[in-house]
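Quick notes on the structure that follows.
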Amino acid sequence: MARIFIIGVTGGIGHRLAPLLLANGHQVTGLHRKPEQADNLKNAGITPVTGDLMELTAETLAPLIRGHDIVVFSSGAAGSGLDRTTRIDGDGPGHVLAAMKQEGISRLYLVSAFPEAGRGKEPNPRFEHYMTEKKRADADVAVSDTDWVILRPGTLLHEDQDGQVNAGLAIPYGTVKRGNVAQFLAELIDTPEIRREIIEITDGRMPVAEAVSRFVRK
Ligand SMILES: NC(=O)c1ccc[n+]([C@@H]2O[C@H](COP(=O)([O-])OP(=O)(O)OC[C@H]3O[C@@H](n4cnc5c(N)ncnc54)[C@H](OP(=O)(O)O)[C@@H]3O)[C@@H](O)[C@H]2O)c1
């Protein structure tokens, strides 16, 4: 049993991940920014903690994540503005890393973005900024001394899992059900020997458990 802190617990991936972790016997805490989300989280068996990444710093995050074993970062500004993208997608994981260091927490799972996202579309400065900030966060995490895994999903679909994915260090671009990303994350969390990996994921034809097991280095 691990104590897991999800940042982005009310999001498309996060709200699908939490019940999978609870079913696997873990304790789940979720960061939420709107007071009215607390009751729903409690009713789902998740401990709610209020906080807004636009305001949180390493110092104020540290007491919130205290006592947890694992942090999952699946939050994002979702196109709500350049400054929000900088602070949430770009700065957020760095603040989390600093807070984890302060609290002696070593395991971090970061939901990032697939490098080929948006290719073939008209160049869009807001999207370019988003991709730059995602990469900046990846770089902060990858250079840290935590036991991190960075997951880079293709374009996310609003669908629950069918448990069939394609995952690899470098795979062709595609779409992926948010439920499949959540299931993959839950399986990764129960396979702690997989660490310091950047994994690309789309929907595919391989059962999630098998796809995850392929990342266990012999
Ligand atoms: N869209 C795509 O195709 C795509 C592709 C690859 C990767 N991604 C990345 O995948 C991740 C998860 O995506 P998703 O679709 O599950 O996300 P989502 O549904 O947009 O959810 C975002 C989560 O972040 C939270 N959040 C937003 N601003 C916040 C703030 N200031 N403080 C605290 N929490 C805040 C949201 O809380 P509220 O409930 O309060 O809004 C929500 O829980 C994101 O990092 C996204 O960039 C997206």
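Each residue takes its place number in the sequence, starting with 1.
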| task | Go through Q27 and I4 one step at a time and tell me if the side chain to side chain contact (heavy atoms under 4.5 Å, CB included) criterion holds. | result | CA-CA 6 Å; Q27 285 177 13; I4 302 170; over 6 Å; no
| request: Please assess N24 against M1 for the test side chain to side chain contact (heavy atoms under 4.5 Å, CB included), listing each intermediate value before the final yes or no. | output: CA-CA 8 Å; N24 289 347; M1 188 281 290; over 6 Å; no
| message | For a side chain to side chain contact (heavy atoms under 4.5 Å, CB included) check, start with the C-alpha distance between H129 and T86, then their side-chain angles and the critical distance, and finish with the verdict. | response | CA-CA 8 Å; H129 178 70; T86 303; 2.8 Å; yes
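In the hydrophobic clustering (ILVMFWY side chains linked at under 4.5 Å, chained through shared members), V143 stands by itself. When hydrophobic residues (I, L, V, M, F, W, Y) are linked wherever their side-chain heavy atoms come within less than 4.5 Å, the members clustered with Y130 are F127, M131. Taking a 4.5 Å side-chain heavy-atom cut-off between Ile, Leu, Val, Met, Phe, Trp and Tyr, the cluster of L61 extends to F5, I7, L31, V49, L53, M54, L56, L64, I65, V71, F73, I88, V96, L97, M100, I105, L108, L110, V141, W148, I150, I198.
Applying the salt bridge (charged side-chain N to carboxylate O under 4.0 Å, His left out) definition to pairs two or more places apart or across chains, those involving residues 58-67 are R66-E103. Screening residues 3-14 for salt bridge (charged side-chain N to carboxylate O under 4.0 Å, His left out), with sequence neighbours left out, gives R3-D69. Judged as a salt bridge (charged side-chain N to carboxylate O under 4.0 Å, His left out), the pairs with a partner in residues 78-96 (not counting sequence neighbours) are, in order, D83-R87, D89-K134, D91-R136.
Remark: side-chain polar atoms of H95 are not paired, donor with acceptor, to backbone N or O of T57 under 3.5 angstrom. Side chain of N180 to backbone of Q161: no donor-acceptor contact under 3.5 angstrom is found. A donor-acceptor pair is defined here as one N or O able to donate and one able to accept, closer than 3.5 Å; such a pair exists between the side chain of Q37 and the backbone of K34. Between the side chain of H68 and the main chain of I70, no donor-acceptor pair closer than 3.5 Å is present.
Side-chain N/O atoms of D203 and N166 include no donor and acceptor closer than 3.5 Å.
Rounding to the nearest 0.5 Å places CG of L188 at 6.5 Å from CG of L151. The distance from the CG atom of L82 to the CD atom of E133 is 9.0 Å, given to the nearest 0.5 Å. To the nearest 0.5 Å, atoms CG (D147) and CZ (R195) are separated by 4.0 Å. Between the CG atom in L41 and the CD1 atom in I6 there is a gap of 9.5 Å [rounded to 0.5 Å]. Residue I171 holds its CD1 atom at 10.0 Å from CD1 of I199, rounded to the nearest 0.5 Å. In this structure, OG1 in T146 is found 10.5 Å from CG in D140, a value given to the nearest 0.5 Å.
At a threshold of 4.0 Å, the pair E197-R217 counts as salt-bridged, since one of the basic side-chain nitrogens sits closer than that to a carboxylate oxygen.
Cluster membership for L156 and V111, using ILVMFWY side-chain heavy atoms within less than 4.5 angstrom, is shared. L169 and V176 fall within the same hydrophobic cluster, defined by Ile, Leu, Val, Met, Phe, Trp and Tyr side-chain heavy atoms under 4.5 Å apart, directly or through other members. Connection of V216 to I189 is established within a shared hydrophobic cluster, with ILVMFWY side chains joined at heavy-atom distances below 4.5 Å, either directly or through further cluster members.
Residues meeting the ring-ring contact (aromatic ring centres under 6.0 Å, His included) test with F114, sequence neighbours left out: Y173. With sequence neighbours excluded, no residue satisfies salt bridge (charged side-chain N to carboxylate O under 4.0 Å, His left out) with R33. With sequence neighbours excluded, no residue satisfies salt bridge (charged side-chain N to carboxylate O under 4.0 Å, His left out) with D52. In this view, R196 satisfies the salt bridge (charged side-chain N to carboxylate O under 4.0 Å, His left out) rule with no residue, not counting sequence neighbours. With sequence neighbours left out, D162 forms a salt bridge (charged side-chain N to carboxylate O under 4.0 Å, His left out) with K177.
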Which side-chain N or O atoms in residues 11-20 pair as donor and acceptor under 3.5 Å with protein atoms at least two apart or in another chain?
unit_1, atom_1, unit_2, atom_2, d
H15, ND1, G11, O, 2.9
R16, NE, D160, OD1, 2.8
R16, NH1, G12, O, 2.6
R16, NH2, D160, OD1, 3.4

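In this structure, A137 and G90 approach most closely via the heavy-atom pair CB-O, 3.8 Å.
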